[in-house]
Amino acid sequence: MNQAKRIKPIQWLLVSGGLLLLLLVFFPRSPRPPDLEISQLIQLAEAGQIAKIQVRGDKLEVMSIDGETFRSRKESSVSVLELLDQRGIATGTGGIQVDVKEEGRSFFSTLFSIMPLVIFGGLIFYMIRRSRSGLSQVMGIGKSQARLVTDKPSVTFQDVAGAEEAKQELVEIVEFLREPEKFARLGAKVPRGVLLTGAPGTGKTLIGRAVAGEAGVPFFSVSGSEFVEMFVGVGASRVRDLFARAKEAAPAIVFIDEIDAVGRHRGAGIGGGNDEREQTLNQILVEMDGFDERTNVIVIAATNRPDVLDPALLRPGRFDRRVVLDLPDIKGREAILAVHLRGKPILDDVDIPTLARQTHGFSGADLANLVNEAAILAARQEKSATSLEDLEEAIDRVIAGPARRSRHVSEKEREIVAYHEAGHALVAASLPNADTVHKVTIVPRGSAGGYTRLLPDEDRGLWSKGQFEAMMAVMMGGQVAEEFALGDITTGASNDLKNASEVARKMVTEYGMSEELGPRSFDTGQDMVFLGKELAQGHNYSDAIAEKIDAEIGSLLHKAQQTAKKALETNKARLTLLANKLLSDETIEGPELQQLLNGAVERAPMSP
Ligand code: ADP
Ligand code: MG
Ligand code: ZN
C-alpha cells in the first residue's frame, strides 16, 4: 500500500516536467530585437564612434565613446575582429577594444536542452522501480507473516479467568523454556507441541496471547488461515521461514492459531484444491521432526475442531500435549464476569453469583459480549452505571436476540403466544426432572414470539434419561397448550419440535437410552465433518435398524407429548391464569412467577 505513496513524487515530476516542455514549445523565447543592426554598427565604427565591443557568442555589447551601450548581433560564422579588419578599422589599443567573453547560456535554453533527458530518465527510473517492486512482492510471498511479539502484550494470565488447569499447564511449558537445564538434568525432554482445544469463545486465542505476555522469550504468532494463499507452495515455504526464524531466536514459542485451517485430515474432502493445505501440513510435520533435542522451540496450536485434525499431528513428538479449555462452570463464569466488569461503573445491585447462575452454557466470549451489551444498553439510556436490569436484559439478548417491541402483534397472536409460553412454563414446573422456570415473556425477541427461560439448579456435565424426557415434554408443552386453549395449533412450535427431535435422536443413537435398540452408538452421519468422507461411508447400520431408529425417535416424542398433555390437563385453570397474567404484564419473573407456579408442583407431582 505504501508503494503508491512512493511513486507519487515521480508522477508529479513527470507531469510538471511535461507541462513545462509544452510551455517552452508553444511559447518559445522571443529574443529582444537588437538595438543596432550589424551594418549600422560598422558604420558607427567607421565613423570612430565606438569605444568597446564585448562579444558573447553571437551577441555583441557595444559601448560608444559617449559611454552609451547598445546591443547587437552578428552572424555566427564571422568574427568581429575579422569584420572590422576587412573595413580597415583599427582594433586593440588606439582602436576599438574587442573583448571576447565566454558565451553565457540562458536558464531557459539550459532547461530546454536537459529537459528531455530528465523526463526520459525519470520515466525509465519509474518503470524500473515499478517492475522491481512487483518482483519483490512476488519474492516476498514465501516469507512468513508471523508477527514476532517482542514487547510485552497487554494480555497476561490475569486476564484469563477460570481456566486454572490450562494456565497451570502453560506455566510449566514456559518454565521449560526459561530453565531448560533444570529439566535436562533429570532427563526430561522439552515438549514439542501443545494443542489448545475447546469450543469457540472459550479463550484459546486469549490464553495464547497471554503466554506471550508471560513467556519472557520471543513469541511468534500466526493464524492457520494466513498460510493458505493463492500461490501454490507458498504455505510450505512460509512454514519453513517461520520455523527458521524461531530457531534463530530460540528459546522461542511459535503460536499457530486456528490450526485446523491447515491441519485437516489429509486425503479428505471432495474434489481437488487440498494439495496446498497438505503441503503446508507436511511442512509443519517436517519442521517439528527436525527439532533436535537441544532446540528450544515450543509450538502451541489452537483449534476448536481437534476431531478434524490429521492424526499425524497428534502423535507423540508433535502436538503430544493437549490442553482442553472447557465451557466455564459457575465459578469460572463468576471469575470471567468479574474480569470483564472490573473497572467499569456498575450499580451495587449487580450480584455476580446470580448472573453466573443465569448464564449456564455461556462461553467466555458470550460473557464478555454480555457485559458489553449491558454497558451499551445503559449508555443508550444515559445512565451513569450499568444495573442488574441491564445485565439481565443483555442475557436475554445474547440468548434470543434483541427485543422487538415495535413489531405489531395482533391480539389473537398475543393470546396464542401467551398460552404457548405458559404451557412451557407449567409443564416445566410440574415435572420434578425439569429445570426451574426463571422467566416467561411474550415480548417478541429475535425470531421468537416470546420465550420461557429455564435455569438449571446446578451446573451439569451429565444428563439423565429422566432429564431428557422432562426436557422434551417441556418443549412439547407450548403446542399442547395452544391446542388446549384454542382448539388449534400453529407454526409457532417449529423450533420446539426441531429441538425435541434432536434430543430424541441423540438419546437413541448416541446415548444408548432406547430400550428397543439397546446400548449401541449409531453413526448417523449427522455431524458431517468432511462431506467427502461421510458420503463415501454412509451410515454404519442396516436399513432395518434405520427404521427402528425412526420408530424409536417417534415414540419418544409421542411419549413426551403425552406427558405434557397430562401435566396441562391437571393444571388447566392455572394455565389460563398464567396466560392472562402474561397478556396483561408481558413478562413474569422472580417471586411472582414462583408463586404462580408453585401450586402446580404440589397439585400435580407428575412422573413421566
Ligand atoms: P477462542 O479463540 O477460544 O475462540 P477467544 O480467545 O478469541 O476465543 O475469546 C474471545 C473473547 O472472550 C476474549 O477476547 C475474552 O474477552 C473473552 N474470554 C474468553 N475466555 C475468557 C476467560 N477465560 N477469561 C476472560 N475472558 C475470556
Ligand atoms: Mg480463537
Ligand atoms: Zn415454544
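Just so you know, ligand 1 is whichever comes first in the structure, and atom 1 is the first atom listed for that ligand.
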note = Here the atoms of ligand 1 under 4.0 Å from any heavy atom belonging to Asp159 are 24 (N), 25 (C)

The Mg ion (ligand 2) neighbourhood, protein N/O/S only, threshold under 2.8 Å = Thr205 OG1

ask   = What residue and heavy atom of the protein are closest to atom 16 (O) of ligand 1, and at what distance?
value = His340 CE1, 3.1 Å

inquiry  = I want to know if ligand 1 touches Pro200 in the polar sense, i.e. an N/O pair below 3.5 angstrom.
reply    = no

inquiry  = Under 4.0 Å from a heavy atom of Ile336: which atoms of ligand 1 are those, numbered in the order shown and with their elements?
reply    = 22 (C), 23 (N), 24 (N), 25 (C)

message = In this structure, does ligand 1 have an atom that sits under 4.0 Å from one of the heavy atoms of Asp257?
response = no

ask   = Which of the numbered atoms in ligand 1 are below 4.0 angstrom from a heavy atom of Ala161?
value = 22 (C), 23 (N), 24 (N), 25 (C)

request  = Before giving the answer on side chain to side chain donor-acceptor pair (under 3.5 Å), spell out for Glu421 and Thr452 the whole-Å C-alpha distance, their side-chain angles and the decisive distance to 0.1 Å.
outcome  = CA-CA 6 Å; Glu421 298 306 329; Thr452 303; 2.7 Å; yes

ask   = Does Arg453 pair with Glu392 as a salt bridge, N-O distance under 4.0 Å?
value = no

key: ligand 1 atoms in contact with Val160 (distance to a heavy atom under 4.0 Å)   = 23 (N), 24 (N)

task = Indicate yes or no for a side-chain donor-acceptor contact from Arg318 to the backbone of Ala312 under 3.5 Å, with no hydrogens or angles considered.
result = yes

query = How close does the nearest protein non-hydrogen atom get to atom 5 (P) of ligand 1, and which residue and atom is it?
reply = Gly203 CA, 3.8 Å

ask   = Between the candidates Ala166, Ala163, Ala365, which shows the shortest non-hydrogen contact distance to atom 11 (C) of ligand 1?
value = Ala365

task = Ignoring hydrogens and angles, tell me if any N or O in the side chain of Asp390 forms a donor-acceptor pair with the backbone of Ser387 under 3.5 Å.
result = yes

ask   = Numbering the atoms of ligand 1 from 1, which are under 4.0 Å from a heavy atom of Gly364?
value = 12 (O), 17 (C), 18 (N), 19 (C), 20 (N)

message = I'd like to know if the Zn ion (ligand 3) has an N/O/S atom from Asp496 within less than 2.8 Å of it, counting both backbone and side-chain atoms.
response = yes

remark   = atom 4 (O) of ligand 1 has as its nearest protein heavy atom Gly201 N, 2.8 Å

task = Using side chain to side chain contact (heavy atoms under 4.5 Å, CB included) as the criterion, point out the one residue from Val239, Leu242, Asp257, Ile259 that pairs with Val222.
result = Leu242

ask   = What pairs with Gln479 under side chain to side chain donor-acceptor pair (under 3.5 Å), at least two apart in sequence or on another chain?
value = none

note = What one should report as the nearest heavy-atom pair of Asp349 and Leu388 is OD1-N, 3.3 Å

key: Distance, nearest 0.5 Å, that separates CG of Leu377 from NZ of Lys383   = 8.0 Å

ask   = Going through the checks in order, is the salt bridge (Lys or Arg N to Asp or Glu O under 4.0 Å) test met by Glu164 and Lys331?
value = CA-CA 11 Å; Glu164 293 309 324; Lys331 287 279 163 236; over 6 Å; no

query = Relative to ligand 1, is Ala368 under 4.0 angstrom through side chain, backbone, both or neither, heavy atoms considered?
reply = side chain

ask   = Which protein non-hydrogen atom lies closest to atom 7 (O) of ligand 1, naming both residue and atom, and how far is it?
value = Thr205 CB, 3.7 Å

Atom pair NZ/CG of Lys344 and Asn372 - distance to nearest 0.5 Å = 6.5 Å

Donor-acceptor contact present, side-chain Arg414 to main-chain Leu583, <3.5 Å = yes

key: Short N or O distance, Arg209 and ligand 1, threshold 3.5 Å exclusive   = no

key: Distance under 6.0 Å and angle within 45° of ring axis: Lys465 vs Tyr511   = no

inquiry  = Side chain, backbone, both or neither: which applies to Leu206 and ligand 1 if a contact is any heavy-atom pair less than 4.0 Å apart?
reply    = both

inquiry  = Are any of the N/O atoms on Val339, whether in the backbone or the side chain, positioned under 3.5 angstrom from an N/O atom of ligand 1?
reply    = no

message = Checking contacts here: is it the side chain or the backbone of Leu325 that comes within 4.0 Å of ligand 1, counting heavy atoms only? Could be both or neither.
response = neither

query = Is the shortest side-chain N to carboxylate O distance from Arg505 to Glu502 below 4.0 Å?
reply = yes

message = Determine whether a donor-acceptor pair (N or O, by modelled atom type, separation under 3.5 Å) exists between the side chain of Gln467 and the backbone of Ser464.
response = yes

task = Would you tell me whether Asp496 and His420 have side-chain atoms, one donor and one acceptor, within less than 3.5 Å of each other?
result = yes

